Amino acid sequence: MGIQLKEIMTIYPFSEARLVAGKDGLDRIVESANIQEVPDVVRWMKGKEILFSYGYAFQNEEKGCELIQQLNYIGATALAIKPGQYFEKVPEKMIVCADELGFPLFELPEELPYMDCIIPIFERITSEQLYVMKRMKRVHDGLMEMLLENQGLSGICSVLRDDPQYGLHFVPAGNGSCVVGEGGIFRADERVFRVDE
């Protein structure tokens, strides 16, 4: 459960970071953020993370490209580099490597502390997770109530109809009943499920 990178890019002050490569990867999901200033940080990563770095652990563009390849392989979301002591700017070779992989690569303003970016990102992710959990509880409680009251398919659909994730409708039919999905997971293929009575 996370948020698309393109949404994370709107969160201040990470919104001040400059995307220098990997624009094809902006739909990647962010579930966490990490800081790397030691070699082999990939060993401790789970994927779906934005990695922040000064570049100390790799210090040259060849090792930087290797890191991008490893991050992409494990399913990390993006790399944000702060130029300064080790790089004046993000090396061109790393930009080319990231673009080839569609792996988002950011350049942070030199004066911007990592934690000023990371804390608001975690707050947004936590807020989204809380919203999803509340919605799931509301749907769960409604479904349990319908089942306990023996409301059948129409009762189940009345609960799901009001949730924008599902948007199900109960439609009586001559030889049975139809459930038509108009939103959420049903929108993509417009499935119609028939339940025989």
Side-chain angles (χ1 to χ4, degrees), residues 1-133 164-165 184-185 187-189:
M1 189 184 312
I3 297 175
Q4 284 188 325
L5 178 59
K6 59 188 172 186
E7 183 178 342
I8 296 292
M9 291 170 64
T10 68
I11 301 172
Y12 182 83
F14 187 70
S15 57
E16 300 296 303
R18 186 168 66 95
L19 179 69
V20 295
K23 62 179 173 45
D24 293 338
L26 299 184
D27 289 336
R28 293 179 184 228
I29 299 297
V30 179
E31 291 183 351
S32 186
N34 205 335
I35 297 172
Q36 184 227 19
E37 300 307 348
V38 296
D40 299 328
V41 70
V42 173
R43 291 169 42 195
W44 294 284
M45 294 181 67
K46 299 177 182 178
K48 297 185 181 178
E49 294 157 290
I50 298 177
L51 184 65
F52 290 81
S53 180
Y54 278 104
Y56 172 77
F58 47 94
Q59 295 187 23
N60 65 61
E61 56 186 20
E62 287 77 18
K63 288 184 179 178
C65 286
E66 289 176 15
L67 175 64
I68 289 171
Q69 291 166 351
Q70 291 170 350
L71 291 172
N72 188 62
Y73 178 77
I74 65 160
T77 304
L79 174 61
I81 295 177
K82 184 190 289 194
Q85 188 172 354
Y86 304 105
F87 296 105
E88 289 184 10
K89 61 179 185 175
V90 177
E92 186 63 30
K93 191 168 183 178
M94 291 179 69
I95 292 172
V96 171
C97 180
D99 262 334
E100 287 174 354
L101 295 170
F103 185 82
L105 179 62
F106 293 89
E107 184 174 287
L108 295 169
E110 191 173 344
E111 70 283 357
L112 180 61
Y114 293 150
M115 294 311 293
D116 286 5
C117 291
I118 291 172
I119 290 171
I121 289 171
F122 275 125
E123 287 174 348
R124 179 71 64 86
I125 291 169
T126 302
S127 175
E128 178 68 17
Q129 289 172 339
L130 183 59
Y131 167 75
V132 170
M133 288 171 64
Q165 176 71 25
I185 58 173
R187 182 177 299 158
D189 55 5

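Just so you know, these numbers use all the heavy atoms, side chains as well, and skip hydrogens, waters and symmetry mates. Note that the structure is predicted; figures quoted are calculated from it, not measured.
With sequence neighbours left out, Ser53 forms a side-chain hydrogen bond (donor to acceptor under 3.5 Å, both in side chains) with Gln36. Partners of Tyr56 according to the ring pair (Phe, Tyr, Trp, His ring centres under 6.0 Å) rule, which considers only residues two or more places apart in sequence or in another chain, are Tyr86. For the side-chain contact (heavy atoms from CB on, under 4.5 Å) test, residues two or more places apart in sequence or in another chain that qualify with Glu100 are Val96. By the side-chain hydrogen bond (donor to acceptor under 3.5 Å, both in side chains) test, Asp99 pairs with no residue at all, sequence neighbours left out. Remark: Lys63 pairs with no residue by the side-chain hydrogen bond (donor to acceptor under 3.5 Å, both in side chains) rule, at least two apart or across chains. Judged as a ring pair (Phe, Tyr, Trp, His ring centres under 6.0 Å), and not counting sequence neighbours, the contacts of Phe87 are Phe58.
Atom-to-atom distance recorded for Thr126:OG1 and Ile119:CD1 is 11.5 Å, nearest 0.5 angstrom. Here Ile8 contributes atom CD1 and Ser15 contributes atom OG; the two are 11.5 Å apart, rounded to the nearest 0.5 Å.
Within the structure, salt bridge (charged side-chain N to carboxylate O under 4.0 Å, His left out) contacts touching residues 31-56 (residues at least two apart or in different chains) are Glu31-Lys48. Residue pairs meeting the salt bridge (charged side-chain N to carboxylate O under 4.0 Å, His left out) criterion with at least one partner in residues 51-62, sequence neighbours excluded, are Glu62-Lys93. Applying the salt bridge (charged side-chain N to carboxylate O under 4.0 Å, His left out) test to pairs two or more places apart or on separate chains, those with a residue in residues 7-24 are Glu7-Arg124, Arg18-Glu107. Identified under the salt bridge (charged side-chain N to carboxylate O under 4.0 Å, His left out) test for residues 110-123, with sequence neighbours left out: none.
Side-chain contact between Ile81 and Phe106 is absent, with no heavy-atom pair separated by less than 4.5 Å. Residues Pro13 and Pro120 meet the side-chain proximity criterion, which asks for heavy atoms closer than 4.5 Å. Proximity of Glu92 to Val20: side-chain heavy atoms (C-beta onward) are nowhere separated by under 4.5 Å. When side chains are defined from C-beta on, Ile68 counts as touching Leu105, because their heavy atoms get closer than 4.5 Å. Contact annotation: the side chain of Leu19 approaches that of Pro104 to within less than 4.5 Å [non-hydrogen atoms, C-beta and beyond]. Here the side chains of Met115 and Ile35 are in contact, with some heavy-atom distance below 4.5 Å. Contact of the Leu108 side chain with the Phe14 side chain is registered, since non-hydrogen atoms from C-beta on lie closer than 4.5 Å. In this structure, Cys97 and Leu101 have side chains that are in contact, with non-hydrogen atoms separated by less than 4.5 Å.
In this structure, Tyr114 has its ring center under 6.0 Å from that of Tyr54.
Distance alone, capped at 3.5 Å, places no donor-acceptor pair between the Lys82 side chain and the Phe52 backbone. No donor-acceptor distance shorter than 3.5 angstrom exists from the side chain of Thr77 to the backbone of Ile50, with no hydrogens or angles considered.
Of all heavy-atom pairs spanning Lys6 and Thr10, the tightest one is O-CG2, 3.6 Å. Ala21 and Ile95 get closest at one heavy-atom pair: CB-O, 3.4 Å. The minimum heavy-atom distance between Ala76 and Met45, with the atom names listed, is CB-CE, 4.2 Å.
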